[in-house]
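Small disclaimer: the values here were computed from a predicted structure and weren't measured. In what follows, chains are A, B, ... by sequence order, proteins preceding strands, each numbered from 1.
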Amino acid sequence: MADIPPRIPPRIPPRIPVRRTYKLYVGGAFPRSESGRSYPVTSSAGVHLANAALASRKDVRDAVVAAREAFPGWSGRTAYNRGQILYRIAEMMEGRRAQFADEVAAAEGVSAGRAQAIVSAAVDRWVHYAGWADKFGQVLGGANPVSGPYFNLSQPEPTGVVGVFAPPGSPLLGLVSVLAPVITCGNTAVLVASERAPLPAVTLAEALATSDLPAGVANILTGRLAELAPPLAGHADVNALDLTGAGALAAELEALAATTLKRVLRPGQDDWADPDPGLSRIRPFVETKTVWHPIGR
Amino acid sequence: MPDTIPGSLRSYLHGLPGVDEVGVRRRAADLATRSIKTTAKRAALDLAIRMVDLTTLEGADTPGKVRALAAKARRPDPADPTAPPVAALCVYPDMIGVAAQALAGSGVGLASVATGFPAGRTPLEVKLADTRAAVAAGATEIDMVIDRGAFLAGDYGKVFDEITAVKAACGDAHLKVILETGELVTYDNVRRASWLALHAGADFIKTSTGKVTPAATLPVTLVMLEAVRDYRAATGRQAGVKAAGGIRTAKDAIRYLVLVKEIAGDDWLDSAWFRLGASTLLNDLLMQRTKLGTGHYGGPDYYTID
């Protein structure tokens with residue numbers, strides 16, 4: 001009998017890590033950029049973290065179409081239901097706390113403890129606005145006194161599709177602070193995330209997608225601000241702009257917005273950081289509807 | 001005049017070569033990826049507008065709605081006089097009078113559906129009376145439906161004779177024959193129905209009524225464009241194709257134009273030989289046209305709600 005050769009132990013190949021692809025969030029789906037482009041994202045220390053999708057102006061157009069489609073459904077929800085869904089977003093963010101904290105720490109170059117505090121503040125922001133969802137109407141509207149036996153009522157209604165430029169320096173808390181008030185009052189949003197640090201925005205999109213937030217209510221684009229902002233500001237189907245993160249482009253964007261009479265919020269650099277913003281970010285994105293009721297008293 | 005077909009109609013139609021289903025889909029999908037930009041896009045948008053049969057076929061149509069649509073047909077973009085008028089307005093027979101008055105002197109055609117649209121399940125006498133009444137009321141184009149039940153049962157002679165009779169009742173009016181491809185099931189049937197209608201004297205073959213899903217699709221239109229191309233090669237007579245139903249975006253419309261050019265040829269790139277039956281499509285064409293002019297994306301707020 002021939003010698004049986006010694007059995008060679010099978011070589012187990014090293015496991016290949018499964019890396020996440022950072023994509024856009026448009027109409028409830030996660031497409032790559034229509035252009036097929038991406039760009040490298042580095043940490044505050046200059047270490048390469050991942051590649052993010054580099055959106056094009058056609059992605060802007062697709063996002064606006066998705067936001068417009070979502071508008072009747074979202075604005076038609078009861079305020080109470082919108083509040084429930086916003087609270088659900090807070091719950092979903094809480095469940096991904098570790099992931100958010102890591103990304104914030106890498107993007108902003110802050111300590112782990114500080115990153116945790118930022119995530120907590122972002123979660124609390126959703127809870128704050130969830131509470132406002134069915135209350136801002138009472139504050140901004142109400143019964144008007146008139147000199148006759150009639151009812152006269154004013155009620156705030158959502159403006160429509162809002163283009164939002166997230167603050168570049170605060171990729172998570174800043175983003176939530178500008179996005180939440182816009183959708184709280186029934187608008188739908190097309191948001192351009194921080195150009196330098198877009199990864200927390202994509203993770204937030206994944207939380208939004210699992211929060212019962214209807215598809216298209218929030219659409220998040222990553223890419224170059226200078227490329228995405230002008231087509232968004234000039235788009236005739238966008239009804240309002242939040243220029244918080246627009247930086248040096250703000251004046252040019254305001255001029256573009258004027259061609260189609262958009263409402264424009266152009267706050268100071270760090271206005272979003274106020275932990276109790278009240279209605280300062282809801283009021284600019286509602287229209288007051290006033291109705292007469294012919295029989296009163 | 002209907003053509004004389006050698007042998008039986010049945011053996012003729014079943015002798016037509018079969019359609020390679022996978023190949024047709026691939027070819028249509030392939031052509032749909034073609035990129036049309038800048039000046040070519042501008043020309044394509046204007047051509048597509050000129051090819052639109054602006055359609056309203058609702059139970060809720062009122063004279064007011066038809067007049068509004070007629071105004072839009074004459075001058076699709078009130079803000080831009082360079083936007084061309086559409087090819088025709090397509091209405092139910094009872095609205096022809098209103099539409100004729102509103103379109104008078106504009107050069108826009110007036111199409112009416114007839115022959116028991118959309119099902120076509122009325123006796124031949126009713127279909128012919130329907131057609132005569134529409135022509136008498138001022139329709140310049142008649143969109144008839146074929147009897148799909150008879151076609152699917154293999155009673156090709158009945159379908160052929162009906163088309164011939166309606167064609168005779170049309171007089172000078174153009175006859176478009178609606179095959180309702182969504183109910184014909186196979187591409188082979190679409191090819192047979194196309195040739196049947198062409199031999200029976202159709203001036204146009206049209207995909208769908210718009211009441212059945214699926215309506216117009218690129219592969220079905222491709223098969224029909226092949227039919228009119230080969231029919232002209234065989235007989236010398238040119239007929240047109242109308243794709244109707246489900247075409248909503250300018251991008252879709254341009255894909256159809258690419259198909260027309262590549263399958264049928266340049267001779268068909270004209271509103272006399274190719275039409276797009278649509279209602280919401282026109283706004284998107286106008287929006288894209290304005291985008292090319294101003295550089296800004298437009299919104300539906302700036303166009304009429306039809």
Side-chain angles (χ1 to χ4, degrees), chain A residues 26-27 34-36 55-72 75 157-163 187-190 192 216 219 221 226-241 249 252-264 287, chain B residues 29-42 44-45 48-49 72 75-83 213 246-255 257-258 278-306:
Chain A
V26 174
E34 160 277 338
S35 61
S56 68
R57 61 191 169 81
K58 287 201 172 166
D59 293 313
V60 170
R61 182 191 59 187
D62 292 346
V64 173
V65 170
R68 175 57 63 194
E69 263 175 38
F71 180 71
S75 59
E157 298 205 327
T159 296
V161 175
V162 182
N187 296 298
T188 54
V190 176
V192 180
N219 303 277
L221 303 175
E227 183 185 1
L228 303 178
L232 184 55
H235 199 304
D237 207 22
V238 173
N239 303 104
L241 289 182
L249 289 174
E252 181 202 335
L253 298 181
E254 227 167 354
L256 272 173
T259 58
T260 46
L261 300 177
K262 291 177 179 55
R263 293 204 176 275
V264 176
E287 310 291 332
Chain B
D30 213 34
L31 289 172
T33 61
R34 189 166 296 180
S35 173
I36 308 288
K37 301 280 184 215
T38 62
T39 48
K41 184 173 183 184
R42 184 183 300 274
L45 289 172
I49 293 173
K72 187 162 180 168
R75 193 161 168 188
D77 190 348
D80 182 359
T82 64
T213 310
I247 307 165
R248 295 207 172 77
T249 64
K251 203 178 234 176
D252 283 343
I254 291 174
R255 284 177 180 154
L257 296 186
V258 170
S279 36
T280 49
L281 168 67
L282 184 56
N283 275 355
D284 200 53
L285 288 169
L286 295 173
M287 217 149 80
Q288 294 301 324
R289 200 176 176 278
T290 310
K291 155 74 175 66
L292 285 181
T294 63
H296 302 309
Y297 290 114
D301 285 358
Y302 297 82
Y303 297 91
T304 57
I305 298 166
D306 304 317

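Within the 4.5 Å cutoff, the side chain of B:D301 has heavy atoms near those of the A:N239 side chain. Side chains of A:T260 and B:Y302 form a contact here, defined as non-hydrogen atoms less than 4.5 Å apart.
Shown here for A:D237 and B:G299, the closest heavy-atom pair between the two residues is CB-CA, 3.6 Å.
Within a 6.0 Å radius of CZ in B:R255, other residues, nucleotides and ligands contribute more than 12 heavy atoms.
A:D62 contributes atom CG, which lies 8.0 Å from atom OH of B:Y297 (distance to the nearest 0.5 angstrom).
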